[in-house]
Amino acid sequence: MSALSAWFWNERFWLPQNVTWADLADTESGEQFPRAGHLLYAFPTALGIFAFRLLFERFIAKPCALQLGLQGSGPRLAQPNAILEKVFISITKCPDGKHLEGLSKQLDWDARKIQRWFRQRRNQDKPSLVTKFSESMWRFLFYLYIFSYGVWFLWTTPWFWDTRQCWYNYPYQPLTLGIYYYYIQELAFYWSLVFSQFTDIKRKDFLIMFVHHLATVGLISFSYVNNMVRVGTLVLCLHDASDFLLEAAKMTNYAKYQRLCDALFMIFGLMFVTTRLVIFPTWILNTTLIESWELIGPYPSWWLFNGLLLILQVLHVIWSYLIIRIAYKSLTKGKALKDERSDIESSSEEEDTTLNGTKSVHNTSSNGANRVNGHASNGQWSEE
């Protein structure tokens, strides 16, 4: 274990040349530097956030949803039938014409009745609008809070106005309470998403979002351990700038305020594209690739950090394209934006299969459109 630890924490990978971990020990004057052990405090904080979320959704978000007239009960349960249940679980959830014909003869049921049973069975696990609204309201609250905190904290820091300050005297930059609280809150929130992934609304992109949350946790932890926290706070704040707008659009969509929903989504799209395709490369990548090269020079973890940021930029381009395509189709075709979340349910109208085996709208939605949000991710928007 000692050999493994020594290999993992190799100074030549994590730190610039001629810098050792001993150089970053706490000073007698009280200055502290980031340590991996600090990140352990994110776990109890994550549990606290998760507990607060449960209370918030039950006692605040749910009453708000009911006050807006959202339906609190789920869809009607399908009539118990062992034969259809076996087909649903082991063969298909959307029977085609051939399956419908065989089941109709076996059960002496009309094909339309069998279709209705499968539709009700598919919708049986569908969460209510109140549940969806409550989840989005919680995320809206946190994203708005953490973005406001980030702006409030960074407004008084020198590196917010001059990104070269991220690298002056690096890595001998003492850890401040503001940075520490910012990092722990962000890290704890994403750990809470990892925990709640198993209790939240189940979606088709469950595995994708699970990996996304773990990757985010890894990136936050990585930048903290090698003391790239100044530029890390800029990245965090920039990525939080649009998330609350998307959650607000979802809430208005569930509440049937469609025009407000469309307006919020358009604002979200504008903010997303601006922050990801303009500000991120000209502000963040410029300082991590060019300014840091000039001031501290490259070293192994520097290459890895910038490689991850470049991969993130590629994802920004893909997500921005999907958002622009959705907004463009909505404007040119005059259709309202429609929330096709990638959870396990869809509406009765969308899932009604025909006797000739036509596939449901839910199944033909593109995977790309189902991953518009990408991080945080969560609800996906498509007008198709």
Side-chain angles (χ1 to χ4, degrees), residues 46-77 119-120 122-149 185 188-189 192-193 195-203 209 240-272 326 330 335-351 362 372-373 376-383:
L47 293 176
I49 290 176
F50 184 62
F52 178 78
R53 171 192 171 172
L54 296 178
L55 295 174
F56 175 84
E57 290 185 356
R58 180 172 182 179
F59 295 107
I60 299 179
K62 184 177 180 179
C64 289
L66 295 176
Q67 189 68 27
L68 290 170
L70 272 66
Q71 184 179 1
S73 59
R76 186 173 61 180
L77 300 180
R119 182 176 63 245
Q120 291 175 352
R122 287 193 298 269
N123 287 340
Q124 193 166 295
D125 298 321
K126 177 181 178 179
S128 67
L129 287 178
V130 170
T131 301
K132 291 181 176 183
F133 182 92
S134 300
E135 181 179 303
S136 289
M137 188 174 181
W138 156 249
R139 297 192 184 210
F140 167 80
L141 176 72
F142 183 85
Y143 288 139
L144 180 60
Y145 157 73
I146 201 65
F147 175 65
S148 301
Y149 177 87
Q185 288 180 96
F189 176 70
S192 74
L193 290 183
F195 302 152
S196 65
Q197 188 87 357
F198 300 94
T199 59
D200 285 344
I201 299 169
K202 295 296 184 295
R203 301 184 174 93
M209 293 311 299
D240 291 333
S242 59
D243 290 345
F244 69 93
L245 292 169
L246 180 60
E247 298 303 329
K250 292 180 193 176
M251 289 192 294
T252 55
N253 180 64
Y254 300 144
K256 308 303 180 185
Y257 294 108
Q258 197 59 51
R259 292 196 177 189
L260 180 57
C261 167
D262 295 348
L264 285 171
F265 183 80
M266 293 300 178
I267 297 173
F268 157 75
L270 180 63
M271 179 69 76
F272 188 97
I326 292 169
S330 176
K335 294 182 179 180
L337 288 169
K338 182 178 179 182
D339 181 17
E340 289 189 358
R341 308 191 65 183
S342 60
D343 36 49
I344 58 177
E345 88 290 345
S346 62
S347 67
S348 298
E349 293 79 7
E350 290 172 317
E351 292 193 329
H362 179 75
V372 166
N373 185 21
S377 281
N378 308 326
Q380 285 73 29
W381 290 86
S382 171
E383 65 83 39

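Note that the structure is predicted; figures quoted are calculated from it, not measured.
To the nearest 0.5 Å, atoms CG (Leu129) and CE (Met251) are separated by 14.0 Å. Atom CZ of residue Phe142 and atom CZ of residue Phe244 lie 14.0 Å apart, to the nearest 0.5 angstrom. Between Phe140 atom CZ and Tyr145 atom OH the span is 15.0 Å, to the nearest 0.5 Å. Interatomic distance, Ile49 CD1 to Phe189 CZ, rounded to the nearest 0.5 Å: 7.5 Å. Distance check: Leu270 CG to Ser242 OG gives 10.5 Å after rounding to the nearest 0.5 Å. In this structure, CD1 on Ile146 lies 11.0 Å from CG on Leu141, to the nearest 0.5 angstrom.
Among Asp240, Leu245, Asp243, the single residue meeting the side-chain contact (heavy atoms from CB on, under 4.5 Å) criterion with Phe147 is Asp240.
Residues satisfying the side chain to side chain contact (heavy atoms under 4.5 Å, CB included) test with Leu68, not counting sequence neighbours, are Leu70, Phe133, Ala255, Tyr257. By the side chain to side chain contact (heavy atoms under 4.5 Å, CB included) test, Ala46 pairs with Ala188, Trp191, Ser192, Phe195, sequence neighbours left out.
Looking only at atom types and distance, the side chain of Thr131 has no donor-acceptor partner in the side chain of Ser134 under 3.5 Å away.
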For residues 54-62, which side-chain N or O atoms pair as donor and acceptor with protein atoms under 3.5 Å away, sequence neighbours left out?
residue	atom	partner	partner atom	Å
Glu57	OE2	Arg53	NE	2.7
Glu57	OE2	Arg53	NH2	3.2

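Considering every non-hydrogen atom in both Asn253 and Cys261, the closest pair reads CB-SG, 3.6 Å. For the residue pair Met271 and Ala241, the shortest heavy atom distance occurs at CG-O, 3.9 Å.
With respect to Lys250 and Glu247, a salt bridge is recorded, a charged nitrogen being found less than 4.0 Å from a carboxylate O.
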### Task
Test side chain to side chain contact (heavy atoms under 4.5 Å, CB included) on Phe265 and Ile326 and set out the steps.
CA-CA 10 Å; Phe265 183 80; Ile326 292 169; 4.0 Å; yes
